[in-house]
Structure formats: structure tokens, C-alpha cells
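All remarks here apply to the structure that follows.
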There are 2 protein chains.
Amino acid sequence: MFSVEKSKEIKSMFHDKGFKCTPQRLAVLKVLQDTSAYLSINTIHLKVKEFLPDTGLATVYRSLETLVDLNLVVKVHLEDGCHSYVIAPEGHRHPIVCTDCNKVIEFAEFPLDDLSKQISEDTGVQIKTHFLQLFGKCKECQA
Amino acid sequence: MFSVEKSKEIKSMFHDKGFKCTPQRLAVLKVLQDTSAYLSINTIHLKVKEFLPDTGLATVYRSLETLVDLNLVVKVHLEDGCHSYVIAPEGHRHPIVCTDCNKVIEFAEFPLDDLSKQISEDTGVQIKTHFLQLFGKCKECQA
DNA sequence: AGGTGATGGATAATTGTTTTCAGTAGAAAA
DNA sequence: TTTTCTACTGAAAACAATTATCCATCACCT
């Protein structure tokens, strides 16, 4: 059910942070790995229940929190206040969300580190992190 | 109670978009103008009630929606899912939020337009808008 | 001043998320 | 393996943020 080649390193990622490697958490991860698009909590819940029918909604919330903590998954903030989740891209990248079909089209590499440093120097504020999302229209929705 | 010099142009801003210029909406705007820091809905509600005691919470929500629509106020997304609001800065700027005292320290001018265009060309995605927030530690909280 | 439709207040309803609690099952030690 | 310990799960209740409903009222156009 879960890809064998990855399970070992995934398992040690859990252990390194003192988390347990449970089927529910792996299922949530698997669901996100299988669709590079971002998914709402409810969608994830439905998909997880396809092979773990007893999984509760609260567990999905908790699993996602854990996976975000492990940098395996990224939380996406939407305008209406709801959230969705995507599998984390390589490195620090920023999601481009299609305003029509509501999917994460891809991740942009946006070199903000230098700018952050500049701001830190200019303002005296220690910039630690940033949150950036781009919104646009994907190729398919342009047609 | 409300600054007279501004009230005329504010009034016409409402009318231009077909909104009515009501004391409640002006009160919400006034509260945000008086504290450049960002405020939660509840805080705004409390402050508004200081001089308009009968104002309901729902009205605060509705007024803020209107003011955001008029670009007079900016909605800030926080990590925990809640929102706060600040008076809109001149031009398109990005809030720097202090992770300690939870205030909008200031707005950074971050030239993202050129980068957005670049991304548009590279990916074929029509980038329309972006959402950027910076998180850091303000001078006071560094002490 | 009067008419009209947008707005406001109060409250209920909804929705997204978190907590609680008792039972279960990872993971490490015996 | 078996035991032991604790983190984890499922179900339901609790919570908090936001939205909808209803009717009265007020802003504003004529």
C-alpha cells in the first residue's frame, strides 16, 4: 500500500522528532503524495477513508499538524480563511494558486532571502520567516 | 469625532462604490486609523463600542468587509487561522508582523512585480496577485 | 419631507478546528 | 516474544470565528 523504498527514511524522520509512525499519518502523507495539487482537510479525510475507513476527522487534523512539523507537508492559506495542504516541495518555494480551478499549479522559486536581509538592516526588525503565495490563472483555465 | 478634513473624500469613496456612509463604518475606520497596529475583530468591536455602544459584532464584520473592499483597510492572515485588520498603507506594501508581541510593526516595500512578471513568462501562468507577510521580532521585543 | 432600499442590531445557525476521554497500538526494554 | 509505557486514535462534545436571518431603522435621492 505504501511505497516501500521511502518508508524507511520516512520512518526515521518520525522517530528523529519523537513521533510515532502510524498508518493514519502515512495514509495522509500518501494521499498528498499521490496528487500534487493541494487538498482541503475534508478531501484528505475522504481519500484516507478509502483505505482506512475508520479514520476520524480529528486524526486528519492531527496528522497534518505532525507532517507540517516534519516539513513533509505545507499548509496553504486561502483567502476565505480556510486552509489546504500540499506535499512539500524541494527547498523553500512558494505556491502558485489558480484562482479559477483552485489548485496549486506549481511552486515558484522566489529569492526573498536577500530582500529579507535588506529589510532587517533597514528597519532594525529581525526578519525570521515569510509567507508568500502567488495567485493567478493556470494554462488550462486560460483556454 | 471624525476628522473633518478627510470625511468628504472618504464619503465620496463610499458613494463611488455604492456604499452608504454610516457612523458604524466610520467608527471602525477611525479606530484603525488611531492605532497603526493591527487589531483583532474583538478589539475593534470593543473600541467601537466606546463611542457607539450599541454596535453589534456582526456589524464590525460587515464594516471591515466594506472597508477592505474600498482598499482603506488590509486584512492580515495569522498563522492560527484568525484574522486581524490594519489601516491600509500607501501603495502596495507588505506587513511585518512581530511574532512576540503580535503586532504589525511596519509595512515593507517589496518589489515583487518584476519577479511576478518573470514567473509569468517562465511558467505560462498569468500571475495576478500575491500575498506576502514577513514575520520577525521588533526592536522592543528584542530587548 | 417622504419613499426606498441598503444597513444595523440581536440572535441563531454554521463552519472549521480543538479538546476530552477512554481505549488502542507503536516502540523500546525485558 | 512478552511486557510496559506512553503517544496516538476515534467519537463526540466543546469551542471559536464567521455568516445568515429577521425586522426595524437610517442614509440618501428626489
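Keep in mind the model is a prediction, meaning the values are calculated, not measured. Every chain is numbered from 1, with letters handed out A, B, ... down the list of sequences.
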Checklist entry - Whole Å only: how far is the CG atom of Leu64(B) from the P atom of dT7(C)? => result 15 Å

Next on the checklist: Rounding to an integer number of Å, can you tell me how far Glu65(B) CD sits from dA6(C) P?
Outcome noted: 15 Å

Item to check | Per-nucleotide protein contact string for nucleotides 20-30 of chain C (B base, S sugar-phosphate only, - none; heavy atom under 4.0 Å) | outcome: B-----BS---

Checklist entry - Could you state the CZ-P distance from Arg25(A) to dG10(D), rounded to the nearest angstrom? => result 11 Å

Checklist entry - Has Glu140(A) got more than 12 heavy atoms of other residues, nucleotides or ligands less than 6.0 Å from its CD? => result no

Checklist entry - Are there more than 12 heavy atoms of other residues, nucleotides or ligands under 6.0 Å from atom CD of Gln142(B)? => result yes

Checklist entry - Side chain of Tyr61(A): nearest nucleotide among dG10(D), dT17(C), dG8(C)? => result dT17(C)

Checklist entry - Hey, is the side chain of Gln24(B) poking within less than 4.0 Å of OP1 or OP2 on dA27(D), counting only N and O atoms? => result no

Checklist entry - Between atom CG in Asp69(B) and atom C1' in dT7(C), what is the gap in whole Å? => result 15 Å

Next on the checklist: Which nucleotide wins on minimum distance to the side chain of Thr55(A), given the candidates dT17(C), dT9(D), dG10(D)?
Outcome noted: dG10(D)

In a table with atom names and distances, give each donor-acceptor pair under 3.5 Å that connects a side chain of residues 15-22 of chain B to protein atoms at least two apart or in another chain.
residue: Lys17(B); atom: NZ; partner: Asp69(B); partner atom: O; Å: 3.4
residue: Lys17(B); atom: NZ; partner: Asp69(B); partner atom: OD1; Å: 3.3
residue: Thr22(B); atom: OG1; partner: Arg25(B); partner atom: N; Å: 3.3

Item to check | Heavy-atom side-chain contact between Leu64(B) and Leu32(B) under 4.5 Å | outcome: yes

Item to check | Over 12 non-hydrogen atoms of neighbours within 6.0 angstrom of NZ in Lys117(A) | outcome: no

Checklist entry - Between Leu57(B) and Gly18(B), who's closer to the 5' end of DNA chain C by nearest nucleotide? => result Gly18(B)

Checklist outcome for this item: Rounded to whole Å, NZ of Lys17(A) lies from P of dA7(D) at a distance of 16 Å

Next on the checklist: Looking at every heavy atom in both Val125(B) and Lys137(A), which two are closest together, and how far apart are they?
Outcome noted: CG1-O, 3.4 Å

Item to check | Val76(B) backbone acceptor or donor facing Ser84(B) side chain under 3.5 Å | outcome: no

Checklist entry - Rounded to the nearest Å, what distance is computed from the CG atom of residue Leu52(B) to the P atom of nucleotide dA10(C)? => result 12 Å

Checklist outcome for this item: Separation of dG8(C) atom C1' from Lys49(B) atom NZ, nearest Å, is 14 Å

